[in-house]
Amino acid sequence: MDDNIVSLKFDGKTSSDFGCHLQYPTQIVHAKREITPTSVPGVSGDYLSDNYRYSNITQPLTFFVIRPAQYETWEQLQFAFLDWLTPSFKNKYSKFYLDLIKPYHWLAYLSEAPT
């Protein structure tokens, strides 16, 4: 992996397969653990109740693109890239990986089509 190029991995392919690369460094958004503080009269501090989940996040990613030769037009590349990121099981989270944070992953879905 080039120190300045990062690939997104999903469903057996990488963004590099489509000529799409993330410029590093990129700002990684971190989820916050959901803990509910409850004030208890006569007790210093709050009672902390763990909700056993993390808040949802939106992770924006910016790609630079070098169109591979197998795509004759930018539109062909765009449709292939979207087909890759929006599988038929749209109501389910999927694992997405970035080279720079292996072996960690996001459970995610594509909320907005790339522009």
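Keep in mind that what you see is a predicted model, and the values were worked out from it rather than measured. For this chain, numbers begin at 1 and follow the sequence in order. For the numbers below, each heavy atom of this structure counts, side chains included, while hydrogens, waters and symmetry mates do not.
Applying the side chain to side chain donor-acceptor pair (under 3.5 Å) test to pairs two or more places apart or on separate chains, those with a residue in residues 48-57 are R33-D50, E34-R53, T36-N51.
T73 meets the side-chain contact (heavy atoms from CB on, under 4.5 Å) test with E75, Q76; sequence neighbours excluded. Checked against side-chain contact (heavy atoms from CB on, under 4.5 Å), I66 has the following partners two or more places apart in sequence or in another chain: F64. Every residue meeting the side-chain contact (heavy atoms from CB on, under 4.5 Å) condition with Q70, not counting sequence neighbours, appears here in chain and number order: P68. Residues passing the side-chain contact (heavy atoms from CB on, under 4.5 Å) test with P103: none are found, sequence neighbours excluded.
From S7, atom OG reaches atom CG of L22 across 7.5 Å, with rounding to the nearest 0.5 Å. Here T26 contributes atom OG1 and L100 contributes atom CG; the two are 8.0 Å apart, rounded to the nearest 0.5 Å. From H105, atom NE2 reaches atom OG of S94 across 10.5 Å, with rounding to the nearest 0.5 Å. The CZ atom of R67 sits 13.0 Å away from atom CD of Q78, with the distance rounded to the nearest 0.5 Å. Atom CG in D83 sits 8.5 Å away from atom CZ in F79 (nearest 0.5 Å). Here CG of L107 is found 8.5 Å from OH of Y93. Values are rounded to the nearest 0.5 Å.
Looking at heavy atoms from C-beta onward, Y109 lies out of side-chain contact with T86 at the 4.5 angstrom threshold. Between D99 and K9 there is a side-chain heavy-atom pair separated by less than 4.5 Å. Within the 4.5 Å cutoff, the side chain of F18 has heavy atoms near those of the K13 side chain. Between L48 and I35 there is a side-chain heavy-atom pair separated by less than 4.5 Å.
Both F63 and V29 belong to a single network of hydrophobic side chains, linked directly or stepwise wherever heavy atoms of I, L, V, M, F, W or Y lie under 4.5 Å apart. Both F10 and I57 belong to a common hydrophobic cluster when Ile, Leu, Val, Met, Phe, Trp and Tyr are linked at side-chain heavy-atom distances under 4.5 angstrom. Under the 4.5 Å side-chain contact rule for hydrophobic residues, I28 and Y97 do not share a cluster. Hydrophobic clustering of Ile, Leu, Val, Met, Phe, Trp and Tyr side chains at less than 4.5 Å, counting indirect connections, unites L8 with L82. The hydrophobic clustering, which links ILVMFWY residues whose side-chain heavy atoms are closer than 4.5 Å, places L98 and Y104 apart.
Side chains of S15 and H21: no donor on one and acceptor on the other come within 3.5 Å.
Grouping Ile, Leu, Val, Met, Phe, Trp and Tyr residues whose side-chain heavy atoms lie under 4.5 Å apart, directly or via other members, places V43 in a hydrophobic cluster with V40, Y47.
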Note to self: As a quick check of understanding, evaluate side-chain contact (heavy atoms from CB on, under 4.5 Å) for F96 and L85, giving each step before the final call.
What the structure shows: CA-CA 10 Å; F96 286 81; L85 290 175; 3.8 Å; yes

